[in-house]
Amino acid sequence: GATVLYSPHYVTGSEWATTLSVLNLDARPGRVQFRFIGENGAQIGSARSLEIAANGKLHISDPAFFGQNPDGTYTGHVRISSDGVRLAGSAVFGHSNGTSFSSALPLIANPQKSVLYGHAVSNDLYRSGIAIVNPNTAAATAVVSLYAADGTLIAKKSEFIQAGRRTAKLLTEFFPSQAGKDQTSGYVKVTSDKPLASYSLFGTSNLSVLSAIPAKALQ
């Protein structure tokens with residue numbers, strides 16, 4: 001558990017919906033603040049502060065939880081902080097009707113300087129992407145490296161991420177040279193000069209399937 005958690009990807013509107021589950025790991029009540037940060041680093045809507053019971057749970061499913069227009073589409077990341085109680089939780093991404101594609105990832109408690117995503121896929125049927133948040137007060141440089149299954153480096157890309165912002169791209173946006181190629185094996189490493197919080201998701205191009213790729217910390 002931690003007093004600050006991050007959801008590196010949060011999207012509402014159109015066909016997407018995101019729900020957050022936050023648990024209080026301590027045997028005393030506390031207060032939890034949620035802030036939704038957009039792609040430009042500015043806060044979307046209003047910060048929300050909720051009471052959480054001892055050993056209790058908060059479940060956030062309202063698409064207009066932050067006071068934004070429920071008919072609009074918004075993307076970014078969420079910072080979740082407490083008044084001292086230890087928190088854990090998860091984010092679920094899925095179709096807004098709740099009956100189609102869905103996947104879950106744990107909220108990030110410990111940003112890392114080096115992580116590995118053990119699955120890299122991009123072809124006519126599937127696509128994958130990575131969202132990377134810089135939670136620090138200074139800019140960070142992240143290096144995203146794509147490797148073949150035999151360990152050969154295929155491509156490498158540096159991403160400059162301003163303080164408090166994120167970058168979120170498909171694999172073919174990080175590596176345009178891979179567009180049109182059948183990438184079905186291999187893996188991705190993300191290294192940085194500062195601790196970062198990141199997620200990876202992959203699924204079919206028509207969003208009939210969505211799956212999470214958990215990060216493996218390398219340091």
Side-chain angles (χ1 to χ4, degrees), residues 2 4-11 18 35-42 75-81 90-91 93 103-203 205 210-219:
V4 179
L5 303 175
Y6 295 93
S7 177
H9 188 57
Y10 186 90
V11 54
T18 306
R35 293 181 64 232
F36 184 15
I37 310 300
E39 306 294 357
N40 61 357
T75 61
H77 70 277
V78 175
R79 183 182 188 272
I80 303 165
S81 58
S90 61
F93 314 97
S103 189
L105 279 162
L107 298 173
I108 304 297
N110 297 299
Q112 302 287 334
K113 288 186 176 181
S114 182
V115 297
L116 181 148
Y117 290 100
H119 191 50
V121 58
S122 178
N123 54 30
D124 291 340
L125 179 60
Y126 290 98
R127 60 185 181 180
S128 57
I130 302 175
I132 308 170
V133 173
N134 176 12
N136 303 283
T137 57
T141 299
V143 178
V144 184
S145 303
L146 174 64
Y147 290 86
D150 63 2
T152 302
L153 177 64
I154 298 174
K156 182 166 64 174
K157 175 70 180 298
S158 293
E159 291 284 329
F160 183 77
I161 309 174
Q162 295 281 3
R165 297 195 185 188
R166 76 164 195 161
T167 184
K169 297 180 180 180
L170 295 174
L171 196 65
T172 51
E173 292 175 322
F174 281 116
F175 309 110
S177 63
Q178 296 304 109
K181 296 183 179 180
D182 188 19
Q183 173 71 45
T184 57
S185 62
Y187 59 95
V188 173
K189 283 184 181 179
V190 179
T191 59
S192 174
D193 57 348
K194 294 181 177 61
L196 304 176
S198 61
Y199 274 172
S200 182
L201 292 165
F202 82 97
S205 298
L210 184 68
S211 183
I213 307 174
K216 169 64 177 177
L218 298 178
Q219 292 182 350

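All values below were derived from every heavy atom in this structure, side-chain atoms included, with hydrogens, water molecules and symmetry-related copies excluded.
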What's the spacing between [X] [atom1] and [Y] [atom2] if we round to 0.5 Å?
{"X": "Y199", "Y": "I213", "atom1": "OH", "atom2": "CD1", "answer": "13.5 Å"}
{"X": "I154", "Y": "F175", "atom1": "CD1", "atom2": "CZ", "answer": "9.0 Å"}
{"X": "Q112", "Y": "K194", "atom1": "CD", "atom2": "NZ", "answer": "16.0 Å"}
{"X": "N123", "Y": "Q183", "atom1": "CG", "atom2": "CD", "answer": "9.0 Å"}
{"X": "Y10", "Y": "R35", "atom1": "OH", "atom2": "CZ", "answer": "14.5 Å"}
{"X": "T75", "Y": "R166", "atom1": "OG1", "atom2": "CZ", "answer": "5.5 Å"}

Specify the closest pair of heavy atoms between [X] and [Y], including all atoms of both residues, with the distance to one decimal.
{"X": "L105", "Y": "S200", "result": "CD1-O, 3.9 Å"}
{"X": "A197", "Y": "I108", "result": "CB-CG2, 3.7 Å"}
{"X": "K113", "Y": "D193", "result": "CE-O, 3.7 Å"}
{"X": "L201", "Y": "A212", "result": "CD2-CA, 3.7 Å"}
{"X": "T191", "Y": "S114", "result": "CG2-OG, 3.5 Å"}
{"X": "G164", "Y": "I37", "result": "O-CG2, 3.8 Å"}

Can a donor-acceptor pair be found, under 3.5 Å and without considering hydrogens, that links the side chain of [X] to the backbone of [Y]?
{"X": "T167", "Y": "I132", "result": "no"}
{"X": "S128", "Y": "A120", "result": "no"}
{"X": "Y187", "Y": "G151", "result": "no"}

Check whether any side-chain heavy atom of Q178 sits under 4.5 Å from a side-chain heavy atom of L171, and report yes or no.
-> no
Listed by chain and number, what are the ring pair (Phe, Tyr, Trp, His ring centres under 6.0 Å) partners of Y117, not counting sequence neighbours?
-> none
Apply ring pair (Phe, Tyr, Trp, His ring centres under 6.0 Å) to H9 and list each qualifying residue two or more places apart in sequence or on a separate chain.
-> F93
Side-chain atoms of residues 135-150: list all donor-acceptor pairs with protein atoms under 3.5 Å, sequence neighbours left out, distances to 0.1 Å.
from : atom 1 : to   : atom 2 : distance (Å)
N136 : ND2    : N134 : OD1    : 2.7
N136 : ND2    : P195 : O      : 2.9
D150 : OD1    : T152 : N      : 3.0
D150 : OD1    : T152 : OG1    : 2.9
D150 : OD2    : T152 : OG1    : 3.4

